[in-house]
Number of protein chains: 4
Amino acid sequence: MDIYDFSAHTDLAVEANELASRKNGSAIPGVHMDTEEEEGVKVTVIDVTSEQAARSIGKLPGHYITIEVPSLRQKDSDLQDRVATKFAQVFEEFLIKVGVNKNSKALIIGLGNWNVTPDSLGPLVVENVMVTRHFFELMPDQVSPGYRQVSAIAPGVLGTTGIESSEIVQGIVEKSKPDLVIAIDALASKSLERVNTTIQIADTGIHPGSGIGNKRRGLTQEILGVPVIAIGVPTVVYASTIVDSSIDLMIKHFKQETQNTGQIMGMLDGMPENERLQLVREVLNPVGHDLLVTPKEIDQFIEDIANIIASGLNAALHDAVDTDNVAAYTH
Amino acid sequence: MDIYDFSAHTDLAVEANELASRKNGSAIPGVHMDTEEEEGVKVTVIDVTSEQAARSIGKLPGHYITIEVPSLRQKDSDLQDRVATKFAQVFEEFLIKVGVNKNSKALIIGLGNWNVTPDSLGPLVVENVMVTRHFFELMPDQVSPGYRQVSAIAPGVLGTTGIESSEIVQGIVEKSKPDLVIAIDALASKSLERVNTTIQIADTGIHPGSGIGNKRRGLTQEILGVPVIAIGVPTVVYASTIVDSSIDLMIKHFKQETQNTGQIMGMLDGMPENERLQLVREVLNPVGHDLLVTPKEIDQFIEDIANIIASGLNAALHDAVDTDNVAAYTH
Amino acid sequence: MDIYDFSAHTDLAVEANELASRKNGSAIPGVHMDTEEEEGVKVTVIDVTSEQAARSIGKLPGHYITIEVPSLRQKDSDLQDRVATKFAQVFEEFLIKVGVNKNSKALIIGLGNWNVTPDSLGPLVVENVMVTRHFFELMPDQVSPGYRQVSAIAPGVLGTTGIESSEIVQGIVEKSKPDLVIAIDALASKSLERVNTTIQIADTGIHPGSGIGNKRRGLTQEILGVPVIAIGVPTVVYASTIVDSSIDLMIKHFKQETQNTGQIMGMLDGMPENERLQLVREVLNPVGHDLLVTPKEIDQFIEDIANIIASGLNAALHDAVDTDNVAAYTH
Amino acid sequence: MDIYDFSAHTDLAVEANELASRKNGSAIPGVHMDTEEEEGVKVTVIDVTSEQAARSIGKLPGHYITIEVPSLRQKDSDLQDRVATKFAQVFEEFLIKVGVNKNSKALIIGLGNWNVTPDSLGPLVVENVMVTRHFFELMPDQVSPGYRQVSAIAPGVLGTTGIESSEIVQGIVEKSKPDLVIAIDALASKSLERVNTTIQIADTGIHPGSGIGNKRRGLTQEILGVPVIAIGVPTVVYASTIVDSSIDLMIKHFKQETQNTGQIMGMLDGMPENERLQLVREVLNPVGHDLLVTPKEIDQFIEDIANIIASGLNAALHDAVDTDNVAAYTH
């Protein structure tokens with residue numbers, strides 16, 4: 001088990017930091033956080049600058065960006081275009097921040113399983129993203145300026161291939177020699193309202209136990225030899241964390257109304273978060289109640305957000321694709 | 001609003017009866033219930049025999065059968081065959097019980113939306129069921145004995161057709177003149193462990209507000225002029241009812257261990273169920289937390305259970321299809 | 001068999017007229033034809049004005065429009081937008097020409113089978129078209145001006161429902177009372193280059209034997225009581241007609257080069273078209289060689305052309321949807 | 001261009017041999033052919049034993065087996081089971097013949113494109129085949145006897161990944177170290193009746209220009225370092241070869257009836273096959289008539305034949321899977 005994994009019920013740095021800060025009673029030293037919000041799109045930058053800070057929040061040292069758009073589930077195509085454009089800008093700046101060159105060759109890895117809708121984000125992005133590497137290989141003289149080399153593959157999951165995704169990607173990296181890997185993965189979040197409304201970008205790679213597909217080996221710079229940027233969207237949440245965070249919401253709710261929350265919520269009130277979650281799991285597990293769940297409308301949501309990411313990547317990776325109107329380049 | 005609708009958070013008579021009995025402190029008069037269990041397959045017969053009983057449990061007078069198979073989510077194809085065979089036997093007996101003739105012509109209606117996985121049960125059953133009506137119409141002399149006339153259609157949902165399913169079905173019934181309508185629909189249940197593990201059969205038709213597609217008019221004998229048998233499977237559950245029933249499980253859990261549950265669970269302990277659910281909803285709704293959710297593996301689950309129902313219907317409706325090996329007739 | 005059916009190997013009036021004219025040696029009296037072409041989009045208007053003319057070309061008296069875009073198979077999204085806009089203009093004018101009122105309520109029928117790609121045009125259009133009827137029914141005061149009542153359904157095919165599509169539609173028309181039916185269907189053409197590049201609009205309804213799904217009863221004004229406009233796209237062609245029209249092309253090819261085509265093509269040269277096709281069929285049939293075939297890329301083609309038709313219908317049917325930029329309203 | 005490629009219009013050795021023998025007037029020296037037929041299933045073994053023979057028929061030296069089942073397109077599930085069983089037996093014997101050990105670890109490669117139905121054979125087989133390698137890696141003590149290590153991946157196509165399939169597979173082979181690669185691919189045949197009714201097994205690998213996806217580099221023992229067995233099914237055919245082979249059928253047809261075929265078919269009669277095909281192409285190409293086509297029912301056909309191959313592979317590769325009832329192990 002990963003030492004950073006104590007809050008394994010969330011893959012989002014923003015949630016992990018929130019939890020740790022609350023537990024700590026104040027901001028975690030060594031974690032720098034910056035938030036801006038514009039027309040319903042909230043961008044949070046989190047830099048985890050020390051090993052100590054990393055241990056405190058249970059996330060690796062590195063740079064994290066979260067784009068949260070609570071109203072993204074409302075099928076508003078104007079909003080979707082706006083988010084794709086914002087994602088493109090944020091991702092482009094992120095590439096510069098983490099030192100990725102304008103001409104670096106990118107390999108996009110779509111993790112997850114085609115046939116499990118909430119786990120199909122990665123393969124869907126790969127299907128919609130623009131690949132160019134073969135043009136550079138086959139007819140280098142005819143590639144217009146403003147494009148970089150991009151390739152993309154969905155390596156499948158261990159249960160259907162019999163091979164760790166990590167090994168497959170390693171083999172492909174050695175043959176195709178990209179300068180950068182961008183890995184797309186579906187995540188688990190702690191709160192239902194973040195499901196399908198949040199995109200996380202991180203320069204820390206993909207780690208065992210993260211994502212919803214139970215990867216056993218990671219996709220990291222150590223393993224692959226090139227920087228790995230992870231893009232994740234929470235698409236599922238454990239029933240137990242829904243219950244736990246709801247109890248938490250109830251406690252907060254009563255705190256606003258009364259002095260005596262303990263009277264209403266009993267011992268649940270004072271109980272430390274991890275202990276309470278543990279308790280909920282112990283009760284739910286034996287009756288088959290602690291499943292990973294996803295919103296009923298997941299088919300539509302996941303298609304929309306995959307298009308946003310694919311469009312955004314196209315604009316961020318190629319100067320020739322206009323950041324102002326990214327949607328036109330995907331279908 | 002339907003007078004029977006006070007417990008609208010469940011479409012299952014077995015859950016509604018459980019709730020009402022607990023509230024009442026004893027079995028509801030006028031509700032007859034009978035349960036048998038064999039090798040992990042539990043069959044519960046509920047007869048609601050009076051208006052008064054119906055009001056007490058919030059379900060219409062009529063006959064209900066529930067088949068519960070908690071281990072159905074484990075991809076065990078032998079178990080699936082066994083459940084299909086059990087469903088066929090139970091359904092055949094149900095037809096006799098409610099007075100349906102061996103030669104009655106059946107029209108199978110697959111309610112719900114192709115493109116929303118947890119709502120696609122009906123269309124999936126229609127796709128896999130054996131239809132024979134056209135052979136009777138076009139070459140009546142060549143139909144082997146042991147078959148009855150069966151037709152099937154998935155009428156779509158209001159949001160994609162612009163017409164109430166009820167109106168569409170009424171029109172088709174008037175033209176094709178079946179003696180019996182069998183309506184398949186995805187349901188909402190109160191508890192997550194029943195999702196995709198439970199099949200309900202009822203002779204009360206489909207009513208406004210039941211099912212997950214927000215039907216506004218029903219499919220009933222009054223509207224269609226022929227008996228309507230409903231087959232439903234819970235595929236979704238509200239986040240709020242997950243939370244509420246989990247709190248309930250926690251209270252029960254502590255009651256087994258201690259005298260003083262109130263100390264642990266505070267006022268939640270004594271609170272009447274409906275009030276507590278109301279409270280949970282008030283807390284979750286404003287933060288977009290009260291969604292209808294479905295298990296992550298819904299794609300596989302719904303395909304499996306649609307095959308069970310289609311196979312079972314083929315065996316139950318046609319003497320020539322063997323109840324002992326129903327699976328061979330669908331793919 | 002339909003008296004108009006002698007040239008059953010094509011569902012396109014433009015092909016039927018071409019054939020008949022060639023056989024006749026000159027234009028068929030009573031058939032008025034008018035063609036315009038602009039930037040690769042060719043629009044042909046054919047009016048069949050007499051019973052005699054109808055018999056000569058094997059198509060019912062009525063109005064036909066064909067939009068041909070040979071380069072439509074090249075995945076050019078600008079061209080697709082242009083064709084959708086052209087289709088919307090042509091269709092709007094067609095409605096006026098055949099006397100359909102601006103406020104007539106339209107029911108769109110998507111004929112064909114979801115699960116057979118070349119036969120899925122109708123269901124795909126229904127899936128993408130904008131329906132509004134339920135807003136008029138449920139909240140008439142809140143519908144913005146510029147919209148008319150539109151509903152849409154894909155009734156399935158005889159083999160999967162057991163009921164003639166014609167009967168299903170009749171039932172739905174009687175209940176939902178549209179003023180106009182628009183029926184979308186996949187067609188067979190005589191020549192491979194028209195497959196997925198041609199759209200035909202006609203006011204003659206859908207007739208037995210037309211389309212690729214072997215309908216046995218039609219969708220016509222006589223049967224449904226309201227005008228029926230058919231929109232069709234050829235998506236398949238018989239192997240035998242590929243062979244026959246290729247032999248024809250070869251003969252023409254040689255005629256341009258030599259006096260003595262007969263020497264090259266033997267008796268095939270002088271043989272009347274129907275006789276030659278008959279001959280080809282006799283040779284191909286016994287070896288399982290006379291299948292209906294479709295281009296390898298049918299999945300992409302059919303999705304593109306279904307989007308064009310859905311976008312075009314949205315713009316043509318609702319004044320509030322802009323004819324100049326129709327694509328924005330479908331995904 | 002490959003020196004073996006002169007008859008590039010077919011990927012089937014059985015067709016290439018037929019053509020060459022006819023041209024030659026007698027059997028090709030160095031090509032050994034053996035045919036047996038049982039209840040509608042015809043198995044042809046072709047061994048190309050010399051370079052000279054290889055050049056004559058345009059196929060590499062090696063072993064080829066063709067299983068032809070003309071009635072496979074009739075949706076007969078008993079026949080499908082019988083073919084799967086036959087395929088398993090034939091494939092098992094083929095492994096022995098080409099010296100593959102019972103414990104060799106196999107990597108199954110599903111070439112082709114998910115989203116192009118006639119090109120999706122490989123990915124469909126991969127989706128349905130049983131993989132076991134991860135059990136051997138993660139819990140070697142718990143694997144029952146009778147299984148070998150099998151892994152499987154669908155690497156995508158150049159147009160969607162930007163990387164040659166050959167390079168991807170090479171990388172995966174180097175990491176996962178199989179002893180044997182089994183590559184599944186959709187092929188082009190010369191005759192429409194063989195489409196979706198024929199399975200070819202060969203030990204010559206996958207070569208540039210073969211298959212329908214325009215591979216530019218091959219999957220061969222030279223490149224991958226381990227033996228490569230190719231399994232292919234023709235799913236498409238060029239319109240021009242349909243026309244050409246139909247003309248051929250016509251000539252044969254008339255030859256049986258008359259002395260004077262030349263009078264009927266003109267110069268087409270005596271023309272060498274390649275010249276005639278060239279002529280047909282010249283006529284069809286300019287009018288967009290020379291497409292790759294596939295039967296209308298391709299969706300169903302390809303699913304059926306992918307299941308046959310997946311079931312057959314499961315039985316052939318694992319002793320624990322019974323050759324007599326292979327279908328039970330796939331869905």
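Below, each value reflects all heavy atoms present in this structure, side chains not excepted, and no hydrogens, waters or symmetry copies. Labels below follow one simple rule: chain letters A, B, ... track the order of the sequence lines, proteins then strands, and each chain is numbered from 1.
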Could you look at D/I298 and say if it's the side chain, the backbone, both or neither that has a heavy atom under 4.5 Å from chain C?
-> neither
Which bit of D/S191 is near chain C, if near means a heavy-atom gap under 4.5 Å: side chain, backbone, both or neither?
->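 Both parts, backbone and side chain.
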From [X] atom [atom1] to [Y] atom [atom2], the distance as rounded to the nearest 0.5 Å:
| X | Y | atom1 | atom2 | value |
| --- | --- | --- | --- | --- |
| D/D290 | C/E193 | CG | CD | 11.5 Å |
| C/K296 | D/N113 | NZ | CG | 8.0 Å |
| D/I247 | C/M250 | CD1 | CE | 4.0 Å |
| C/L292 | D/T294 | CG | OG1 | 12.0 Å |

Heavy-atom side-chain proximity of C/D299 to D/P118 below 4.5 angstrom =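 They are in contact (side-chain heavy atoms under 4.5 Å apart), so the answer is yes.
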Under 4.5 Å from a heavy atom of chain D, the part of C/R73 involved = side chain
Portion of C/N115 that has a non-hydrogen atom of chain D nearer than 4.5 angstrom =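 Backbone only.
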Does atom CD of D/E37 have more than 12 heavy-atom neighbours from other groups under 6.0 Å away?
-> yes
What's the shortest heavy-atom distance between C/L249 and D/L284, and which atoms?
->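 Taking every non-hydrogen atom into account, CD1-CD2, 3.8 Å.
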